[in-house]
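Notes to accompany the following structure.
We use all heavy atoms of the structure for the numbers below, so side chains are in, but hydrogens, waters and symmetry mates are not.
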Amino acid sequence: MGGRGRGRGRGWNREGQGGAESDRAQGHASPRGRGGPPAQNLAQRRLEQMQMQQMQQMQQLSLNSTSRRPEEGGSPGPSRQVEGERAGPSRSVEGVQAGPSRSVEGGRGGPSRRLDEDGARSDGSVGPVGRGAMRGRRVIEYQFLRTKPDTITTKQGNAGNPSPLTANYFKLTSITDWTLHQYRVDIAPEEDRTFERKKLLKVHQTKIGGYIFDGTVLYSSSRLTTSPGQSITWTSESDAGTKYTITVRHVNEVKYGDYSYQQVFNILMRNCIRALGLQLVGRDYYDPDPSVKIQIREFGLELWPGYKTSIRQHEAGILMCAEITHKIMRTDTVLDHLAQCLREAGPHHYRDKFSKEIIGCIVLTKYNNKTYQITDVDYDKNPASSFTYQNADITFAQYMQTKYQIQIRDMRQPLLVSKAKAREIRAGRDEIIDLIPEVCYATGLSDNMRGKWQLMAAVSRHTRIQPAERVNRLLAFNRRLQTNPQVMTEFGRFNMSLDNQLVRVPGRQLGVEKIYLGRDSSERDIVKEPTLPSIDWTNSVKSNPLIVPKHLTDWFVLVSPRDKQNAGRFLEMLERAGRGMGITVQPPQIANLPKDGLHEYIDALTQILNHHQPKMVMVIVPNNNGARYAAIKKKCCVDRPVPSQVLLGKNLNDPKRSMSVATKVMIQMNCKLGGAPWSVNIPPKGIMVVGFDVCHDSQNKASSYGAMVASLDDACTRYFSAVTAHTSGEELSNNLALNIIKAVRKFREINNKLPAKIFIYRDGVGEGQIQYVYDTELQTTLDKLAQAYGEQPVSMAFIIVTKRINTRLFKENQNPPPGTIADDVITDPEKYDFFLVSQSVRDGTVTPTSYNVIHDTSGLKPNHLQWLTYKLCHLYYNWSGTVRVPAPCQYAHKLAFLVGNSLHREPHLQLEDLLYFL
């Protein structure tokens, strides 16, 4: 990507992370890849016959609708009419003609109608079911999927102590349980504007009763026709005196319990949230009221509070999940950022800097509260450039003045370009949209901002909401709904009511795990039993031998001149830390670099690896230079395999933290050499636990890397890893299965037998990808394992791990302690699933992890599977405490992230038995 015409034309011109391993709990906050292509929408087995009948009835019906504002109207035809003016074929300013091929701020570019990202309309009316459907052309595809194995009679466990919980769900205490009728509405002569279509239908409200209408699709509890497919006609007259014929055709009956029935509730709830005065920004609704917005003036930011809601069928009935969210807005405009680039890079290089930083960002245009992703910068155009509007030439600046009464001050600024994605184009958005930087505000945080801990701390103070405050906000949101007359009218029309209290969940508290360290002089196991509410055994690790210590000999340290003195003191600390953990640390050979340039590090590494065979290489770098870190890791992980440890020089400067840093570094290096610091008791013997995750290649978005990490011993302290690149779902499925077979063979090589049971924890799966994983990855893995095991049955469980969820659990309005299980009330009746809180947090509200078992022939009871999952959360060796997911899963994420962001190729096979990626 790059600015079109960069360096040419009248452009705007005035004269005049990190690479080192982290010593934090999980090391990083990183972008995550998603594994596999979009899911295939297959019907649930027991609903196939019913859905097929519904699909046949709905051949010409789509539930999708426009996302345009009511006053702008909407059209199913090939062009869009806005305030009486016809737009050009594909490029326009909010639908006004602007040339033959592009649009600014929206406008019709084809036969389909425009959608917001989540398919909801910005005016709050009926949104789509599914993405990219065109009105009157596509049928709805149901996404029912039963993943609960047939062998499971109950998924509720009973181990642990009862621990009553509440969750951020509200129960729908009464709901419409009668059949809803679905109608297709056509109006002649053709009327493009959605708000006008609604006005014409509203005249007949007494005939329809309670209804939801999006401009095309009508839901009503009334049967308006005598037979399916039959039509009735009404007439209405507009304010201008034009007479219209309204044809209402019955197309479907939506019965209670049907998938689309729940979607009607979600549509209704989004209407209600809009009635509260909240505005749709991106996917969710936020409160633009200045009295509730949070100002962070020292960093030029403001936070808009908002809500996420979702209504679904759960064990205890239909529940609404409600979660607090925030939208980060920058108070400075994109033009201000452009000026800053000019000051920093100068008149000859500012374009490259600005384009690099702005392309890919999401911006908000406050005059219409819409968001756009910037894909290019057009330096050949500015606000003084003209386009055709109402059969006359008009400049962009004049249009903004006429349309929004906004005066553009800088006439030399380039225009931003937002190119729609394929799905957005299919949904009806114009292919290209032009925006003026002066009226655009970037959303979210840039990488540069994320690197400023003061800024992140300021944001976290407001976004990390404590449990008690979160509960109060959720209850206040509920009261806001219950006391709004328009909302209550909407509820009443569909016999819907919402409980005013959070849902109660019968949770359980698993016991505290014992941590096994090494042996003392009496040859007795040293056992540490952590205490709640936090699970942390750092102090015990510092003063006790590790269970598998690896002595540090024959190793090198590379250091630049500025860090030489601090490095000497740190090496003394490292020797002390190793002595406390039973590790002998011999003095390393030190390579003093003349400068801290990238080439100096690589040349020194090349010399060392060509003339020596070190067991470990430590590299001390002065800053978080991604290119330097990637080059070091490529040299040590791909070209000449050797375990390596990269440290930031600034982490060696603080005497108060140096011993803590040395302890964590010593543990990491011990693991990279094949050692293990601690373990827990895992009763099932002969098991192999597999973690799998996917990360996109940061240099090539079309490519991804799937990382698999599998345990090789009963204590889950030894691991085998493999990474494969893939560009398609078929490669992903096949590579996952082949890598698991490699791990099985390695397990047999070490233990002289095949694994008795295999547990696969699959991370990086979105809700829409579960069907794909079920149909492809799982089946391919089963087929490959069947070949490897022959006549011996394969005992395996396949568990999907999901961390990014909106569910929150509370115990007496506080965070529940680690080991808290919820497997009833808020779980899905069609899944073998449970929620586990395995970690503790210092600030904010803890987020449970969702586990969905889509295949299970392991023979373990729900109690045992939940216990095993919790035990595995104690074995991530980058943190002497519990983490959010089982250790093999976190290891797989760490490895995939390293390869996708630094190596960009598969690591050397000689490292596959080591945790070299910690």
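If you take CD on Q779 and NZ on K784, they are separated by 13.5 Å, rounding to the nearest 0.5 Å. With values rounded to the nearest 0.5 angstrom, N734 atom CG is found 11.0 Å from E777 atom CD. Between the CZ atom in R808 and the SG atom in C321 there is a gap of 8.5 Å [rounded to 0.5 Å]. The NZ atom of K831 sits 7.0 Å away from atom OG of S850, with the distance rounded to the nearest 0.5 Å. Expressed to the nearest 0.5 Å, how far CD1 of I758 lies from OG of S858 amounts to 11.0 Å. In this structure, the separation between OG on S795 and CG on L860 is 7.5 Å, given to the nearest 0.5 Å.
Proximity of R312 to L319: side-chain heavy atoms (C-beta onward) are nowhere separated by under 4.5 Å. Here the side chains of L778 and M796 are in contact, with some heavy-atom distance below 4.5 Å. In this structure, the side chains of Y876 and K894 come closer than 4.5 Å at one or more pairs of heavy atoms. Using a 4.5 Å heavy-atom cutoff, the side chains of V709 and Q890 are not in contact. You'll find the side chain of L903 reaches within 4.5 Å of the side chain of K633, heavy atoms only. Residues F759 and L868 are in side-chain contact: their nearest non-hydrogen atoms beyond the backbone lie under 4.5 Å apart. You'll find the side chain of S840 reaches within 4.5 Å of the side chain of P818, heavy atoms only. Here the side chains of F798 and R762 are in contact, with some heavy-atom distance below 4.5 Å.
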Distance-only check: which donor-acceptor pairs under 3.5 Å involve side-chain atoms of residues 744-752, not counting sequence neighbours?
residue: K746; atom: NZ; partner: D913; partner atom: OD2; Å: 3.1
residue: N751; atom: ND2; partner: L712; partner atom: O; Å: 3.0
residue: N751; atom: ND2; partner: F747; partner atom: O; Å: 2.9

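Side-chain contact, K803 with T847: no donor N or O sits under 3.5 Å from an acceptor N or O. Between the side chains of N806 and N168, no donor-acceptor pair is found at a separation under 3.5 Å. No donor-acceptor contact under 3.5 angstrom links the side chains of Q787 and D783, judged on distance only. Using modelled atom types, one finds no donor on one side chain facing an acceptor on the other under 3.5 Å when comparing N735 with H726. A donor and an acceptor atom, one from each side chain of T882 and H874, are nowhere located under 3.5 Å apart. With hydrogens and angles left out, the side-chain atoms of Q509 and T820 include a donor and acceptor closer than 3.5 Å. Checking Y877 against T717 by side-chain atom types alone, no donor-acceptor pair falls below 3.5 Å. A donor and an acceptor atom, one from each side chain of R508 and Q866, are located under 3.5 Å apart. No hydrogens or angles considered: a donor-acceptor pair under 3.5 Å links the side chains of N852 and T147.
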CA sep, side-chain torsions, deciding dist, call: E315, I826, side-chain contact (heavy atoms from CB on, under 4.5 Å): CA-CA 6 Å; E315 307 282 354; I826 59 174; over 6 Å; no
Could you check Y916 against S721 for side-chain contact (heavy atoms from CB on, under 4.5 Å), going step by step and ending with a plain yes or no? CA-CA 10 Å; Y916 63 93; S721 63; 3.9 Å; yes
F835 and T827: side-chain contact (heavy atoms from CB on, under 4.5 Å), yes or no, with the steps? CA-CA 8 Å; F835 294 96; T827 50; 4.0 Å; yes
Please evaluate residues T807 and Y169 with respect to the criterion side-chain contact (heavy atoms from CB on, under 4.5 Å), reporting the C-alpha separation (whole Å), side-chain torsions for both, the decisive distance (0.1 Å), and the verdict. CA-CA 8 Å; T807 298; Y169 290 78; 2.6 Å; yes
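Panel note: side chain K672, backbone S644; a donor-acceptor pair is recorded below 3.5 Å. Between the side chain of R905 and the main chain of V638, no donor-acceptor pair closer than 3.5 Å is present. Between the T857 side chain and the V794 main chain, a donor and an acceptor come within less than 3.5 Å of each other. Of the possible donor and acceptor atoms, one in the side chain of Y719 sits under 3.5 Å from a partner among the backbone N and O of C716. No side-chain donor-acceptor contact under 3.5 Å links N901 to the backbone of S698. A donor-acceptor contact shorter than 3.5 Å is absent between the side chain of D697 and the backbone of H904. Checking side-chain atoms of N739 against main-chain N and O of M708 turns up no donor-acceptor pair under 3.5 Å. Under a 3.5 Å cut-off, the side chain of D833 and the backbone N or O of D828 do form a donor-acceptor pair. Side-chain N or O atoms of D713 include one that pairs as donor or acceptor with a backbone N or O of R718 at under 3.5 Å. Panel note: side chain R640, backbone C637; no donor-acceptor pair is recorded below 3.5 Å.
The pair E830-R146 meets the salt-bridge criterion, since a charged nitrogen lies less than 4.0 angstrom from a carboxylate oxygen. Salt bridge annotation for K634-D639: absent, with no cationic side-chain nitrogen under 4.0 angstrom from a carboxylate oxygen.
When all heavy atoms are compared, the tightest approach of V723 to P907 is CB-CD, 3.9 Å. Residues S880 and W678 approach most closely at CA-CH2, 3.6 Å, considering heavy atoms. What you find for Q769 and G766 is that their closest heavy atoms are OE1-N, 2.7 Å. Listed here is the closest heavy atom pair of P886 and T869: CG-CG2, 4.0 Å. Residues S679 and I547 approach most closely at CB-CD1, 3.7 Å, considering heavy atoms. Considering all non-hydrogen atoms of both residues, P643 and L673 come closest at CG-CD2, 4.5 Å.
With sequence neighbours excluded, no residue satisfies side chain to side chain donor-acceptor pair (under 3.5 Å) with Y891.
Residue Q792 qualifies as enclosed at atom CD: its count of foreign heavy atoms under 6.0 Å is above 12.
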